[in-house]
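Notes follow once the structure below has been shown.
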Amino acid sequence: VQLQASGGGSVQTGDSLRLSCAVSGRTSTNYPTAWFRQAPGKEREFVSAIRPRHGGFHYADSVRGRFTISRDSAKSTVYLQMNSLKPEDTAVYYCATSAVSGIILSQIRTEDSYDYWGQGTLVTVSS
């Protein structure tokens, strides 16, 4: 399974970006997929996740209401629509997916729950 993240760039405060995560190497998209990010000098943190089997959408408090995760099964792609971007959103964004179709809710924000990772795409938000 391979993941290809794209869509990053340099924007101004208040702008929007849409990140894409194309998943290849398996026929189904019904696997939990998440976005994490790592800001300079900081640890990687959870941003958002989708659990197709449970119909669940999950967000970090810092992005809830501004970011939206979605998927296009036909394209085997998961998206992260990011609106009202702030300088503190500056980070390398990684997508990751699980090898199993279900992750319990308490583990959805944990990196170890995901088995396959993309290479990351850089988002820079300037004030």
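Heavy-atom basis, side chains included; hydrogens, waters and symmetry copies ignored. Computed from a predicted model, the values in this text were never measured in an experiment.
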- Task: Establish, for the pair R64 and Y59, whether the NZ or CZ atom is under 6.0 angstrom from the six-membered ring centre and no further than 45 degrees off its axis.
- Result: no
- Message: Is there a side-chain contact between D115 and V1 in this structure, where contact means two heavy atoms from C-beta onward sitting under 4.5 Å apart?
- Response: no
Side-chain donor-acceptor pairs under 3.5 Å in residues 49-57, sequence neighbours left out?
residue: R51; atom: NE; partner: H58; partner atom: NE2; Å: 3.1
residue: R51; atom: NH1; partner: I103; partner atom: O; Å: 2.7

- Heavy-atom nearest pair, S84 first then S16, reads N-OG, 4.3 Å
- V11, V47: one ILVMFWY side-chain cluster at the under-4.5 Å cut-off? yes
Do any side-chain atoms of residues 86-93 form donor-acceptor pairs under 3.5 angstrom with protein atoms, and if so which ones, sequence neighbours left out?
residue: D89; atom: OD1; partner: R37; partner atom: NH1; Å: 2.9
residue: D89; atom: OD1; partner: R66; partner atom: NH2; Å: 3.0
residue: D89; atom: OD2; partner: R66; partner atom: NH1; Å: 2.7
residue: D89; atom: OD2; partner: R66; partner atom: NH2; Å: 3.4
residue: D89; atom: OD2; partner: K86; partner atom: N; Å: 2.8
residue: T90; atom: OG1; partner: P87; partner atom: O; Å: 2.9
residue: T90; atom: OG1; partner: V125; partner atom: N; Å: 2.9
residue: T90; atom: OG1; partner: V125; partner atom: O; Å: 3.3
residue: Y93; atom: OH; partner: R37; partner atom: NH1; Å: 2.9
residue: Y93; atom: OH; partner: D89; partner atom: O; Å: 2.6

- Item | Cluster check Y31, L3: I/L/V/M/F/W/Y, side chain < 4.5 angstrom | no
- Does Q4 offer a backbone N or O that forms a donor-acceptor pair with the side chain of Q119 under 3.5 Å? no
- Item | Side chain to side chain, F67 and L17, heavy atoms closer than 4.5 Å | no
- Item | S98 side-chain N/O to V100 backbone N/O, donor-acceptor pair under 3.5 Å | yes
- Query: Of the options T33, V78, L80, I108, which is the one that meets S48 in a side-chain contact (heavy atoms from CB on, under 4.5 Å)?
  - Reply: L80
- Item | Minimum-distance pair of heavy atoms, taken over all atoms of A99 and Y116 | CB-CE1, 3.8 Å
- Find the distance between CD (Q107) and OH (Y114) and round it off to the nearest 0.5 Å. 9.5 Å
- What distance do Q12 atom CD and S127 atom OG have between them, rounded to the nearest 0.5 Å? 8.0 Å
- Give, for atom CD1 of I69 and atom OH of Y79, the distance between the pair rounded to the nearest 0.5 Å. 12.5 Å
- Message: Measuring from atom CD of Q81 to atom CG of L19, what distance do you get when rounded to the nearest 0.5 angstrom?
- Response: 9.0 Å
- Message: Can a donor-acceptor pair be found, under 3.5 Å and without considering hydrogens, that links the side chain of S126 to the backbone of T13?
- Response: no
- Message: Does the plane of the ring in W117 sit parallel, tilted or perpendicular to the ring in F36? Use 30° and 60° as the thresholds.
- Response: tilted
- Kindly compute the distance separating CG (N30) from OG (S101), expressed to the nearest 0.5 Å. 8.0 Å
- Note on the structure: Rounding to 0.5 Å, atoms CD (Q38) and CD (E43) come to a distance of 8.0 Å
